[in-house]
Amino acid sequence: MASSMLKSAGEIQNLIFSQNQKLTHLARCGRIDEAVKLFESMPARNAVSWNCMISGLAKNGRVADARHLFDRMASKNLISWNTMIAGYSHNNRVLEASQLFDEMPKRDSYSWTLMISCYSRNGELERARWLFDSMPGVKTPVCYNAMIAGYAKNGMFQDAIVLLTEMPVSARNMVSWNSVLAGYTQNQEMVQGLKFFGEMQEKDVVSWNLMVEGFLQVGDLESAWSFFRATPCPNVASWVTMLNGFSKSGNIDEARRLFDEMPERNLVAWNAMISGYVQFLQIEEAYRLFGEMSERNSVTWTTMINGYIRIGKLEKARELLDSMPFKNVVAQTAMLTGYVQCMRMEEAVELFEKISTKDDFCWNAMISGYAHCGRMDKAVELYKRMPTKSLFSLNTIIAGHAQQGEMHKALEVFKQMRERNTVTWNSIISGLTQNGFYCDSIKHFVLLRNEGRKPDPCTYACGLAACAYLAALQVGKQLHLLLVKSGHVNDLFAGNALINMYARCGRISSAKQAFDEMASVDLISWNTLITGYALNGFGRETISLFKEMEVNGFRPDDITFVGVLSACSHAGLIDEGLKYFDSMSRDHSVERVAEHYACVVDLLGRAGRLEEAYKLVTEMPIKVNAGVWGALLGACRMHGNPDIAKFAAEKLFVIEPQKTSNYVLLSNVHADARRWEDVDRVRSLLKEIGIQKQPGCSWIDIKKKVCSFVSDDPMQPGATEVGFVLEMLCAHIRNTEIMPWSSLLDCG
DNA sequence: ATAGGGTTAG
């Protein structure tokens, strides 16, 4: 008995060794909870066990737990310190990593390289270079490569190449070359990338894969395919990259063909194929593959769960989550997001509280859920509960406030943030635009650039939208210039905003030109252009664009028809308008909404066919909204029909009692018909509910004193002088090309 | 068991 209990030192060593291997395996699969359990149950551990656990926790996003273990570790070795720094580096915690680097008792070349790579990856190239230059001893190839990759990823191609040429030839290896190449391909610089690829002395399969992925990212499927075909020895990654390229560009059948043809398939390949089907909402096919798989990991499960969420089968998704053999926070967050999107907050909370290791994404899903349904109080409360606050979550809070129309709160949070990213700025800029603070929106665009940050397509789209609303053509033109220089000009989102800006500034030919110059267009581009032509009164052109759109294979939607119908109305194309109104549901299966009726009422009204307009409204199968009643009332004003006007106005008084113009309009109709009693009645009605027409008013502050100006008030002090100056300014404006903010935007 | 380039999931 006793002899079997006693294990020799060798046996104990063997046990530790095998359990350490198991730990590594579990950590690599993301099964970190199981790894923790195993670690805690181990009868004996060595430094490797501890280091392995620290690394595993950090790589699974639990950097705080990793640090806790590190602090508890009695006999830390150099590798423990390096591992902890790597852990911080993986989680982009530059500050903590550098603190540890400063504190550590001894450093080796690993420590230096880790820190250099940490700075590099986070865009702090100057610090990285400083460390690189002050590093003692011979620099390893890895160290050179980390520095090169840092330069290349941040678009500093020249610095990357200089270092590549400077490094000892003996140290230069495939990774060095590929790091530079990856810089080009990942920054969508395929022209330069292709040139560099051609100049590379040797290429391996990674180089080819980078080229394929690069072409896919710029949407050049053809080149991607020919590079894939030309790859000398494609590996699984090559196949998966191409497969993914097919499914992302809408060719699921091609993707499947590739999957079937692959010489070998690993878990990643299976996951990519499932993900393809999920993107296509072919969940049954995804599930069939899922069933055929001999091995699944958390990615597999998460993809499948997401699939069911995307088709609205939350119960099935939950069933999958519950049957997952090892739950991880990613899958749980996917489910959480599903609940949140369906506004099922009780279930979301219940799941959220169950998740033992909440990471940034998990917290943020919950916070954005509350923001999404307008519960900003809850969102803020949750944010305060977060153990380590993430930038991500603060961005969500800002966006939430903006959505609720509480820009002052959003700006308050924004001002207090010590760290901001492009998303932060975009949330503020888009919030300002959406809430009507157009000038502030553009000002923040300028501020962002002054901070040295690069606007992304979304920033441009928001800035251009602000210009569109302001009809600020000059600023809009400058944004256009910057957009071209930034290289985002082929982005759909930004391109569509550009069309809209020109159209709303009355420059329809520039709008058309922007449309024509786009690399590819979507339905929104067409709608924006069509609406733009309509807005500017080009009836015939709108209709021919509509036809052109159909020829190009785009199917019109409800917004297209609002554009077409309003164009017909503005241009007096009565028969065409009625024809489209008839055909939209019959030939295009687009259901009529209230806006369409409003257009047609307006159209009939303008043609003096009031009775028909009235009949249309009374027979509407859907709820009549203020827009329709307003169009009817407007038509009555044009053609003098006090009876219908009264009918429409009374409806409007219920829907929007605060809108003064409705009362004024009705009173005018009565006045035109010389029905003075009715005029008095409307006027007294207006007084009764205490509404007064607000006179136009503006103000400026001069020397801490606010001077206000009320429109049409000749009694105002200084009115004559102000009028004179104004006259002069107007003359000046007519003779000058104004470039507001031109110095700030600095188009160079 | 710790550092560099390429593929999948929130």
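The figures here come from the full heavy-atom set of this structure, side chains too, leaving out hydrogens, waters and symmetry mates. Keep in mind that what you see is a predicted model, and the values were worked out from it rather than measured. Letters A, B, ... are given to chains in the order of the sequence lines, protein chains preceding strands, and every chain is numbered from 1.
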Which nucleotide in [options] has an atom nearest any side-chain atom of [X]:
X	options	answer
A:Ser298	B:dA3, B:dA9, B:dG10	B:dA9
A:Thr140	B:dA3, B:dG5, B:dT2	B:dA3
A:Gln186	B:dA9, B:dG6, B:dG10	B:dG6
A:Tyr110	B:dG5, B:dA3, B:dG10	B:dA3
A:Lys153	B:dG5, B:dA1, B:dT2	B:dG5
A:Thr241	B:dT8, B:dT2, B:dT7	B:dT7

Can you confirm whether or not the ring centre of A:Tyr383 sits under 6.0 Å from the ring centre of A:Trp363?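 Here the rings of A:Trp363 and A:Tyr383 have centres that are no less than 6.0 Å from each other.
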Please confirm whether the ring centroid of A:Phe259 lies under 6.0 Å from the ring centroid of A:Trp239.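 For A:Phe259 and A:Trp239, the ring centres are not under 6.0 Å apart.
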Selection residues 292-314 of chain A - residue pairs positive for ring-ring contact (aromatic ring centres under 6.0 Å, His included), sequence neighbours left out: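 Applying ring-ring contact (aromatic ring centres under 6.0 Å, His included) to every pair that reaches into residues 292-314 of chain A, excluding sequence neighbours, yields A:Tyr287-A:Tyr308, A:Phe290-A:Trp301.
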Sorted by number, the residues of residues 264-276 of chain A with heavy-atom contact under 4.0 Å to DNA chain B: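 A:Val268, A:Asn271 - these, ordered by number, are the residues of the stretch whose heavy atoms sit under 4.0 Å from the strand.
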May I ask you to verify if any side-chain N or O of A:Asn244 is less than 4.0 angstrom from the OP1 or OP2 atom of B:dT8?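 True: A:Asn244 side-chain N/O within range (under 4.0 Å) of B:dT8 OP1/OP2.
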Using a cut-off of less than 4.0 Å, is there contact between a side-chain N or O of A:Lys139 and OP1 or OP2 of B:dA3?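 False: A:Lys139 side-chain N/O out of range (4.0 Å or more) of B:dA3 OP1/OP2.
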Would you indicate what A:Lys248 reaches in the nucleic acid, counting non-hydrogen atoms under 4.0 angstrom: base, sugar-phosphate, or nothing?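 Here A:Lys248 touches no strand at all.
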Which part of the nucleic acid does A:Val212 contact within heavy-atom distance under 4.0 Å: base, sugar-phosphate only, or nothing?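 If one applies the 4.0 Å heavy-atom cut-off, A:Val212 turns out to touch nothing in the nucleic acid.
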Can you list the steps and then say if A:Lys389 with A:Ser393 is a side-chain contact (heavy atoms from CB on, under 4.5 Å)? CA-CA 7 Å; A:Lys389 323 282 184 197; A:Ser393 307; over 6 Å; no
Plane angle bin for A:Trp177 and A:Phe196 - parallel if under 30°, tilted between 30 and 60°, otherwise perpendicular: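 A:Phe196 and A:Trp177: tilted rings.
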For the residue pair A:Phe215 and A:Phe227, categorise the inter-ring angle as parallel (less than 30°), tilted (30 to 60°) or perpendicular (more than 60°).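 Aromatic pair A:Phe215/A:Phe227 classed tilted.
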Spell out yes or no: do the side chain of A:Asp204 and the base of B:dG5 have one donor N/O and one acceptor N/O closer than 3.5 Å?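 Looking at the base of B:dG5, it does pair with a donor or acceptor on the side chain of A:Asp204 (distance under 3.5 Å).
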